[in-house]
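Chain naming here is simple, since letters A, B, ... match the order of the sequence lines and numbering starts at 1 in each.
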Amino acid sequence: MRRDRILTALVLLLAAIAPPLASRWKSGLATHVLVQLPLLVAAGALLGAAGQQGPAQRHEPTTHGASTILLTFSCLAFWMLPRWIDAAVSDQRVDAAKIVSLVVLAGLPLGWGWIRIGAVIRAFVWANAASMLAALGLLYLGFPERLCSNYLVGEQVALGRTMILVAVFLVAAGLVRALTGPRRRSSSSSAKVSNTQVRSREELTSPQT
Amino acid sequence: VIVRGAISFVLVLLVGLSAIWYGTDGFRAFTAEGARRLAVTRNPPLLPPIELQDHRGELITLDSFKGKVILLEFIYTRCPTLCVALGTSFERLHASIRRSELREQAVLVSLSFDPERDGPADLADYASRFGGADETWHFVRPRSVGQLETFLRAVGVIVLPDGAGGFVHNAAIHVIDREGRLCGIVGTDAVNEAIVLARRTLRGQG
């Protein structure tokens, strides 16, 4: 499990930054923001989650969970500013900083935090991600001027559309999840899983001090 | 546990906000264009030399306007949209400079970033669309692509092919002071602002 995560993370990282692919992603605004940035965050998140398996390793559940997710959001927000999207295209040093910080400051804390936060915060984060994406998408769609000096207006519109699509997908996936309840895992580990589920429910309901 | 969680949350919030504060010059420049305009007002960069050829075929340099304030725009003569709007702004600038005391102290320069296609004849033709060139308004093209690229980078203008044979670029009115420093960038329709900036620059440099 752990080795799988690390391997997958490396594959995702390679898909994000291998020179021909990286320039392919960055040649379009939509792929830059909605393919390369998520690949980097996902790679970091898998690494962040790689060390954590059983409940035994869960230290201080939910204490810093929300903070880690906030760190992810802040880092992503920074690299989604039109100014820094542009800078990452124009300046290789900025691009390197983007890659490192998205893996380390956005991905790692997301992976580390996501398995520690309870269902309520997870749902909150999910809903927030969807609404922020939709709002950003509308903003990009309707903005009268070119926001990035390195991209054409058409790419701005494409980014806006795709963001709204992704937001719709997030909402749909969230709804399905909410209606069907927690996914059942394979029977071999069901005992362990139900154990953790009970535990995390207790964590949610009991006041933390 | 909740207190520690809250403390770390607030700390992360502060760090995140400061990063975005720093990254937008205090929430003032969210785009590269905004950042470029803000940066030159703080620390006007000295522009690299550029050798030019005007619509009559005569060879000049940007330095030959030293001692005057230069209002600079970037164009390509086949441009159907943006440059026409910018050209109209320059037409208005031209008229108001000719009418005022700025006549002796300011010049307008329309610089083509497509020197391969824009020869002197194209520039002259383009000039005639806006009332023609005179001692105040100069239509020029760079003599070397290398110098053009260095110059564009120094000014912060990015030219992209638009996929239909034309170009897209971050168009603006660039104000260059008497010593050749880029000291102000305003929007394509900010004619009055450009005049005010030119006057202020002249006053500041005696």
*Would you call the rings of B:Phe90 and B:Trp137 parallel, tilted or perpendicular, where under 30° means parallel and over 60° means perpendicular?*
tilted
*asked:* So if I apply the side chain to side chain contact (heavy atoms under 4.5 Å, CB included) rule between B:Phe74 and each of B:Asn170, B:Val159, B:Val155, which one comes out positive?
replied: B:Val155
*Does B:Ile60 offer a backbone N or O that forms a donor-acceptor pair with the side chain of B:Arg143 under 3.5 Å?*
no
*Does B:Arg92 reach the main-chain N or O of B:Thr88 with its side chain, forming a donor-acceptor pair under 3.5 Å?*
no
*Largest heavy-atom contact set with chain A, pairs under 4.5 Å, which of B:Ala32, B:Gly156, B:Gly16*: B:Ala32
*Distance under 6.0 Å and angle within 45° of the ring axis: does A:Arg122 meet both against A:Trp126?*
no
*Indicate yes or no: does A:Arg83 engage B:Asp25 in a salt bridge with an N to O separation below 4.0 Å.*
yes
*Under a 4.0 Å N-O cut-off, is there an ion pair linking B:Arg141 with B:Asp114?*
no
*Which heavy atom in B:Pro142 sits nearest to a heavy atom in B:Ile50, and how many Å separate them?*
CB-CD1, 3.9 Å
_For a quick test of reading the model, state the closest non-hydrogen atom pair linking B:Asp54 to B:Pro120 and the distance between them._
O-CB, 3.8 Å
*Using non-hydrogen atoms and a limit below 4.5 Å, what part of residues 140-167 of chain A faces chain B?*
A:Arg146, A:Leu147, A:Ser149, A:Asn150, A:Tyr151, A:Leu152
*Between B:His169 and B:Ile158, is any pair of side-chain heavy atoms under 4.5 Å apart?*
no
*Do any of residues 39-48 of chain B come closer than 4.5 Å to chain A, heavy atom to heavy atom, and if so which ones, in number order?*
none
*Residue part contacting chain A, namely of B:Leu13, when any heavy atom lies under 4.5 Å*: both
_Under 4.5 Å from any heavy atom of chain A, what part of B:Leu160 do you find: side chain, backbone, both or neither?_
side chain
_Please check if the number of heavy atoms outside B:Tyr22 that lie under 6.0 Å from its OH is greater than 12._
no
*Can you say whether A:Ser90 sits under 4.5 Å from chain B via the side chain, the backbone, both, or neither, judging by heavy atoms?*
side chain
